[in-house]
Amino acid sequence: MDFKDSTPDALATDLDPARQADGATRNMDALIIKGGRKLAGRVEISGAKNAALPLMAATLLAPGVHTLRNVPLLSDTRTMAKVLEILGARVEFRGHTCKIDTSTITSLEAPYDLVRTMRASIYVLGPLLARFGAARVSLPGGCAWGPRPVNLHLEGLGAMNAALDIEHGYIVGKDVKLKGTTFRFEVVSVGATAQLMMAATLAEGTTVLENVAFEPDITELGADLVQCGARIEGLGSRRLVIHGVRELKPLDTSIIPDRIEAATFLGAAAITGGSITIERCDSGHVAAVVHKLEEAGCDVLPGNREVTITGPARLGAVDVVTEPYPGFPTDMQAQMMALCSVADGRSTITDTIYQDRFTHVPELARLGCDIRLDGNVAVVTGVPHLQGAQVMATDIRASAALVLAALAAEGETRISRIYHLDRGYEALDQKLQQLGADVERIRE
Ligand code: UD1
């Protein structure tokens with residue numbers, strides 16, 4: 001892998017996940033944030049992590065040189081590049097353009113040390129089985145906020161005629177010839193939808209997938225595969241019909257803007273009572289978040305591929321329930337909790353996607369947030385002011401919630417272990433500085 005020229009300073013530190021996994025080095029940067037500044041100005045949103053990762057894996061479906069533009073420079077996209085390289089692909093970054101040559105695949109094994117650092121590595125399973133008829137991919141294991149099963153990936157591929165075994169912690173498929181089937185997801189799953197959609201493009205016959213996810217990242221993946229020759233009907237709906245084809249052409253696409261990054265910046269303006277314009281943002285993709293922010297008293301003005309938001313002097317309380325797209329995203333639950341913590345009144349936040357996704361609660365409490373957990377419901381009683389403190393990032397979105405709370409808190413907050421943040425936000429500290437926030441990255 002070759003990240004050339006434009007690696008931002010924020011990523012200049014050693015984020016190589018393989019070395020992190022070894023424990024040889026670990027990016028132990030921290031953020032120091034002095035709160036109380038209202039954000040102002042314009043910020044540009046990077047490409048979507050959750051669109052880039054399945055698309056990078058999808059390059060395995062077709063031999064040749066694939067071109068992905070607007071790829072966010074994140075430790076997660078580096079990890080996916082590493083996974084592809086271990087399989088024998090040649091990956092080259094020039095700025096945000098990533099060229100992946102998958103005509104040189106020599107291995108069909110995604111090893112534990114990489115998969116455990118990033119669960120999305122499992123996306124290579126379907127494409128490997130579809131193109132090569134075999135794969136050996138590590139099970140991802142646990143996650144900071146509880147179990148995240150992959151049974152739907154395995155059941156769906158099984159229904160498509162892939163006899164998969166679990167051997168020594170690895171998912172193993174041999175002599176697989178994928179065949180079309182009808183498969184209904186018992187719960188809406190982003191990951192499993194992407195997995196089966198990719199696999200079905202090269203399966204023999206027609207696959208019908210019911211109760212699928214249609215997050216913009218998924219719809220984009222499908223649309224890009226169609227550009228490569230896949231035959232997919234129903235994109236943007238809960239039912240996909242995929243007619244298998246014999247081969248696909250290489251991808252040539254540009255990654256859509258990251259709706260969660262955009263929504264996080266909306267939150268940053270809202271919590272500081274600031275006014276900012278978010279460029280390269282599809283307002284339709286953040287509609288559920290905008291709706292809640294308006295309910296909390298923000299003024300939101302969608303423009304042409306941009307959104308302007310002005311926060312009120314004090315936010316109002318809101319009730320939020322996470323749901324599959326187009327509902328309120330689980331990936332904004334933690335950030336919304338930070339906002340509710342300083343709102344006038346009592347809010348409730350219910351996560352229906354991941355019932356245990358609350359590792360940010362004790363850290364937010366250190367900043368003075370008043371949050372009571374009752375199962376998958378957080379009852380948040382807004383306080384007039386938060387106070388800076390030392391806190392620890394625990395996962396990508398939990399870290400973002402701490403950043404938002406710190407921007408509103410009186411005094412200095414030190415957020416350690418921000419390698420979590422670097423997995424999902426490109427140069428967040430620099431973008432916040434540009435908006436007038438007092439943010440500094442230090443090496444601990
Ligand atoms: C989920 C989010 C996605 C977010 C990501 C990371 C949804 C629908 N998905 O995607 O927006 O970016 O987390 O935060 O909001 N499940 C199973 N078996 C499986 C796969 C999933 O039971 O094989 C369950 C999960 O436990 C969860 C639900 O399905 O309750 C949705 O999971 P899924 O969408 O697959 O998770 P991610 O792809 O990680």
Side-chain angles (χ1 to χ4, degrees), residues 47-55 57 72 74 76-77 79-80 115 118-126 137 139-160 162 164 166 171 183-199 209 211-221 238 256 258-264 285-286 288-289 320-337 349-360 375-376 394-401 420-421 423-425:
K49 170 178 89 75
N50 290 345
L53 296 176
L55 275 166
L74 303 168
D76 270 13
T77 48
T79 304
M80 187 57 92
V115 181
M118 187 188 70
R119 304 176 58 81
S121 313
I122 200 174
Y123 280 140
V124 302
L125 177 63
V137 176
L139 278 166
C143 159
W145 74 77
R148 292 177 73 184
V150 291
N151 61 305
L152 294 174
H153 300 238
L154 304 185
E155 286 166 22
L157 290 167
M160 292 174 70
L164 300 175
I166 304 298
I171 307 159
F183 184 80
R184 183 176 172 80
F185 294 93
E186 69 199 30
V187 288
V188 174
S189 162
V190 172
T193 300
Q195 184 81 275
L196 294 202
M197 180 161 70
M198 291 188 284
L209 300 178
N211 199 28
V212 298
F214 57 83
E215 268 66 358
D217 314 315
I218 297 286
T219 306
E220 187 59 28
L221 171 67
R238 288 262 178 255
I256 56 171
D258 195 312
R259 68 195 169 101
I260 304 300
E261 187 196 2
T264 302
H285 291 176
V286 290
V289 176
V320 174
V321 180
T322 67
E323 282 165 347
Y325 187 83
F328 192 95
T330 176
D331 275 351
M332 272 302 290
Q333 180 257 100
Q335 301 90 312
M336 200 66 195
M337 200 178 295
I349 298 185
T350 309
D351 200 323
T352 69
I353 309 292
Y354 286 112
Q355 316 265 326
D356 303 325
R357 193 175 188 176
F358 292 113
T359 55
H360 41 286
N376 67 333
T394 49
D395 76 63
I396 305 175
R397 310 303 169 187
S399 324
H420 290 291
L421 204 60
R423 286 189 53 195
Y425 290 91

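Atoms within each ligand, like the ligands themselves, are counted from 1 in listed order.
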Test of proximity, P324 against ligand 1: N or O pairs below 3.5 Å
no

Which of the numbered atoms in ligand 1 are under 4.0 angstrom from any heavy atom belonging to G191?
35 (O), 38 (O)

With heavy atoms only and a cut-off of under 4.0 Å, state how T330 meets ligand 1: side chain, backbone, both or neither.
side chain

Heavy atom under 4.0 Å from ligand 1: found in L154's side chain, backbone, both, or neither?
neither

Mind checking whether N151 has an N or O less than 3.5 Å away from an N or O of ligand 1?
yes

Only heavy atoms of V190, strictly under 4.0 Å: list the atoms of ligand 1 that pass.
3 (C), 7 (C), 8 (C), 9 (N), 10 (O), 11 (O), 33 (P), 34 (O), 35 (O), 38 (O)

Which of the atoms of ligand 1 are close to R357, meaning less than 4.0 Å from one of its heavy atoms?
14 (O)

Residue-level breakdown please: for D331 versus ligand 1, do any non-hydrogen atoms fall below 4.0 Å on the side chain, on the backbone, on both, or on neither?
side chain

Does Q333 reach the side chain of Y354, with side-chain heavy atoms less than 4.5 Å apart?
no

Sort out for me which residue in K49, E261, R397 forms a side chain to side chain donor-acceptor pair (under 3.5 Å) with Y425.
R397

I need the minimum non-hydrogen distance between T322 and P329, along with the two atoms involved.
CG2-O, 4.0 Å

Report the part of H153 in contact with ligand 1, treating N, CA, C, O as backbone and CB onward as side chain, heavy atoms under 4.0 Å; options are side chain, backbone, both, neither.
both

What do you reckon, does P149 put a non-hydrogen atom under 4.0 Å from ligand 1?
yes

In terms of relative ring orientation, are F185 and F183 parallel, tilted or perpendicular, with 30° and 60° separating the classes?
perpendicular

Check if E155 has a non-hydrogen atom at a distance under 4.0 Å from any atom of ligand 1.
no

Test of understanding: given a 4.0 Å heavy-atom threshold, classify the contact between Y354 and ligand 1 as side chain, backbone, both, or neither.
side chain

What is the minimum heavy-atom distance between I260 and Q335, and which atoms define it?
CG2-NE2, 4.2 Å

Quick check for you: to the nearest 0.5 Å, what is the distance between T352 atom OG1 and N376 atom CG?
7.5 Å

For ligand 1, note which part of V187 has a heavy atom under 4.0 Å away: side chain, backbone, both or neither.
side chain

Take D356 and R148 through the salt bridge (Lys or Arg N to Asp or Glu O under 4.0 Å) test and state the conclusion after the steps.
CA-CA 10 Å; D356 303 325; R148 292 177 73 184; over 6 Å; no

Specify the closest pair of heavy atoms between V115 and S121, including all atoms of both residues, with the distance to one decimal.
CA-OG, 3.6 Å

L74 side, atom CG; T79 side, atom OG1 - distance, nearest 0.5 Å:
9.5 Å

Looking only at distances, can you tell me whether any N or O atom of R148, backbone or side chain, sits closer than 3.5 Å to an N or O atom of ligand 1?
yes

